[in-house]
Number of protein chains: 2
Amino acid sequence: MAGSQGDKYYDVFLRYRLWLSTKDGVGILGEGRLALLKEIDKTGSLKAAADNLNVSYRKAWGNIKHAEELLGFILVEKHRGGKLGGKSQLTEEGKNLLSAYDELKDDFEASIKDITRKFFKKINKKSE
Amino acid sequence: MAGSQGDKYYDVFLRYRLWLSTKDGVGILGEGRLALLKEIDKTGSLKAAADNLNVSYRKAWGNIKHAEELLGFILVEKHRGGKLGGKSQLTEEGKNLLSAYDELKDDFEASIKDITRKFFKKINKKSE
DNA sequence: TTGCAATATGTTTAAATAAACATATCCGAT
DNA sequence: ATCGGATATGTTTATTTAAACATATTGCAA
């Protein structure tokens, strides 16, 4: 009785977000933009990346630009014109940032597992 | 030269947020609302808590209510009327949730330190 | 029995974000 | 030359979210 109620009561989930920001809290790069970078790396095209991730080209482009302005260096080398219209690829710095972030996320994820387990163990215990 | 540039390039900070949500991603309780609970616990008043945290009473009240609806149980016992107008105090469940969250945050904070250190070490290294 | 201060809640405005729309530019291939 | 497809960017329209405004309810103490 108390147990089954307890289970229902705490049918909640723990979520988190991780992002890079400036000193004064302005967001630079988060999950979404990193995914975009990754997709650009994969496809060689900002448009293709935006399409694949189902965001408008306009927004994707603006996001990259915004991030670059805040970071102070270029993440994506863009070329336009030509038969194919143009193409984009990550700069070295872009690639490095991307891989560092990926690793970070993995580490994060791993270390979070036990913590959340502990949390739920605790909040579920007192309902009985 | 490369070093000093590198330092400027990566003058960024890592931020995170942690919150409870429903299965389908609706936010229930985050940093702000937990702070509110803590302040209610301290002051015995929703209004005082809202004032102290510089949020409108309307918003504070709505937030608590929203969280309670999503959780399916009451976090705050509210009383109105009387010479003092009314008062509020955390329920047992509210207190438990609060303390569990605090502990969670501490654990989180601690485990994050090395991870972020590693991250910054990595992204700063390749600029030289 | 009335006044007061906090709880309780509907409604409206504003501010912040995202989506949508429109257009210009570039350049390799035809 | 010119066409096409992607990059580049200004402008406008929605959507979401938070703040502000307004007002009712409650119950002890004077």
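Just so we're on the same page: letters track the sequence lines, and every chain starts at 1. As a basis for the values below, the full set of heavy atoms in this structure was taken, side chains included, without hydrogen atoms, waters or symmetry mates.
- A heavy-atom distance below 4.0 Å to DNA chain D is reached by none of the residues of residues 17-41 of chain B.
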* To do: Show your reasoning for whether side chain to side chain contact (heavy atoms under 4.5 Å, CB included) applies to B:I64 and B:I40.
  => CA-CA 11 Å; B:I64 297 285; B:I40 290 172; 4.1 Å; yes

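- A:L90 is not listed as a side-chain neighbour of A:L75, based on a closest heavy-atom distance of 4.5 Å or more.
- Ring centers of A:F119 and B:F108: at least 6.0 Å apart, outside the cut-off.
- Secondary-structure stems of DNA chain D, taken as three or more successive Watson-Crick or G-U wobble pairs (i with j, i+1 with j-1) under a 3.5 Å distance threshold, comprise C:1-30 with D:1-30.
- Proximity of a side-chain donor or acceptor of B:S88 to a complementary backbone N or O of B:V76 within less than 3.5 Å is not detected.
- Note that CG of A:L98 is 12.0 Å distant from CD of A:E103, once rounded to the nearest 0.5 Å.
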* Give the B/S/- string for nucleotides 3-17 of chain C, one per nucleotide from 5' to 3', where a protein heavy atom under 4.0 Å of the base yields B, of only the sugar-phosphate yields S, and otherwise -. => --BBBBBB-------

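- Distance, B:N54 CG to D:dA18 C1': 14 Å, rounded to whole Å.
- One finds a salt bridge joining B:K118 and A:D107 here, because a Lys/Arg side-chain nitrogen approaches an Asp/Glu carboxylate oxygen to under 4.0 Å.
- Remark: A:Y101 OH to A:K38 NZ distance equals 9.5 Å, nearest 0.5 Å.
- Between the side chain of B:N96 and the backbone N or O of B:E92, at least one donor-acceptor pair lies under 3.5 Å.
- The residue from B:R17, B:R15, B:K105 that alone fulfils the salt bridge (charged side-chain N to carboxylate O under 4.0 Å, His left out) condition with B:E31 is B:K105.
- Formation of a donor-acceptor pair under 3.5 Å by the A:T43 side chain with backbone atoms of A:A48 is not found in this model.
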